[in-house]
Amino acid sequence: MTADQDRLSVRFWAVVPAAGRGSRMAEAMPKQYLPLAGVSVLHRALAPLEAEPRIAGIVLVVAPDDPFGNDYRPLTSKSLIVAHGGAQRCDSVGNGLRALEGEADEQDWVIVHDAARPCLHRDDLTGLIDTLCSHPCGGLLAAPVHDTLKRASSGGAVLETVDRAGLWRALTPQMFRYGLLRDALAMTKAAGRDVTDEAAAMELAGHAVQLVEGRPDNIKVTRSADLEQAEHIIAALGQ
Ligand code: C5P
């Protein structure tokens with residue numbers, strides 16, 4: 001298959017893991033359902049995916065006992081599949097990929113985006129897809145580290161200064177070939193390895209994962225203070 005045929009025939013699917021409990025926030029509901037600039041964090045995370053015409057459908061992965069997750073209604077006519085999450089983020093993504101079985105082809109692209117990242121700029125999503133759509137396996141949005149990094153003890157004593165040269169923060173979306181990502185996640189699970197993003201599973205499986213520089217303000221809402229910061233970022237993005 002030529003690169004042009006590949007570009008024409010493959011489809012893009014979004015998988016949004018939203019099955020976390022938000023245990024680092026003192027809120028009664030999971031962080032993805034907290035209000036942010038008039039809608040929920042989850043709506044903000046989904047909006048750029050819904051607005052991207054190349055994405056054929058979205059898999060939303062929610063906790064089985066989630067009282068809020070099943071209420072989500074798509075904003076567009078894209079197909080929406082609701083899947084159930086697992087114990088770890090990688091289990092939730094694996095379940096999301098299983099929900100695409102029979103629907104997605106091996107070479108199709110899966111775009112995994114955290115439900116807890118409400119500040120994704122549409123241009124970053126477009127740039128990720130444009131940069132990677134001819135890549136053999138895929139890659140992720142990332143931002144270079146500019147601060148000096150310290151490794152510390154649990155008590156906060158500095159143990160060492162870590163060289164920041166060549167270090168990047170891994171963001172989402174992360175975009176990989178459906179078949180390769182499914183197999184890489186299954187392999188890391190079978191090996192008992194913990195991975196906190198899809199890229200790590202692909203790296204362990206021996207694939208050359210590509211970084212695509214994204215905006216540093218594509219933050220993950222982890223602590224209560226992040227919500228306030230996310231509001232400012234959204235107001236500045238104007239989307
Ligand atoms: O916990 P963390 O901040 O890394 O979560 C990142 C994303 O993964 C969140 O959107 C969260 O809802 C999701 N997640 C999940 N299943 C889990 C744990 C986290 O879908 N078991």
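This structure is a prediction, so every number in the text was calculated from the model and none was measured. When a ligand or atom number is given, it counts from 1 through the structure's own listing order.
- Taking every non-hydrogen atom of A116 and a distance limit under 4.0 Å, the qualifying atoms of ligand 1 come out as 10 (O).
- Contacts with ligand 1 closer than 4.0 Å are made by no heavy atom of P30, backbone or side chain.
- Distances from atom 3 (O) of ligand 1 to the heavy atoms of K31, H84, R89 put K31 nearest.
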**Report entry** Stepwise side-chain contact (heavy atoms from CB on, under 4.5 Å) check, R11 with W109
**Finding:** CA-CA 6 Å; R11 286 178 299 171; W109 289 104; over 6 Å; no

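- Hydrophobic clustering keeps L46 apart from V15 (ILVMFWY residues linked when any side-chain heavy atoms are closer than 4.5 Å, directly or through intermediates).
- Residue contacts with ligand 1 do not include G85, since none of its heavy atoms lies under 4.0 Å from the ligand.
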Expected list for residues 54-61: side-chain donor-acceptor pairs under 3.5 angstrom, two or more places apart:
{"residue": "R54", "atom": "NE", "partner": "E52", "partner atom": "OE2", "Å": "2.9"}
{"residue": "R54", "atom": "NH1", "partner": "D130", "partner atom": "OD1", "Å": "2.8"}
{"residue": "R54", "atom": "NH2", "partner": "D130", "partner atom": "OD1", "Å": "3.3"}

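- Remark: N95 pairs with R98 by the side chain to side chain contact (heavy atoms under 4.5 Å, CB included) rule, at least two apart or across chains.
- Near S92, meaning under 4.0 Å from any of its heavy atoms, are these atoms of ligand 1: 15 (C), 16 (N), 17 (C), 20 (O), 21 (N).
- Atoms of ligand 1 found under 4.0 Å from any heavy atom of A115 (numbered from 1 in listed order, with element): 10 (O).
- When only modelled atom types and interatomic distance are considered, D197 and Q174 share a side-chain donor-acceptor pair under 3.5 Å.
- At distances below 3.5 Å, at least one donor-acceptor pair connects side-chain atoms of R117 with backbone N or O atoms of N218.
- Both the backbone and the side chain of P17 come within 4.0 Å of ligand 1, judged by heavy-atom distances.
- Residue-ligand proximity, K220 to ligand 1, at heavy-atom distances under 4.0 Å covers atoms 2 (P), 3 (O), 4 (O).
- By the 4.0 Å N-to-carboxylate-O rule, E198 lies too far from R182 to be salt-bridged with it.
- For ligand 1 and A87, the ligand atoms under 4.0 Å from any heavy atom of the residue are 21 (N).
- In the vicinity of Q88, heavy-atom distances shorter than 4.0 Å reach the ligand 1 atoms 17 (C), 21 (N).
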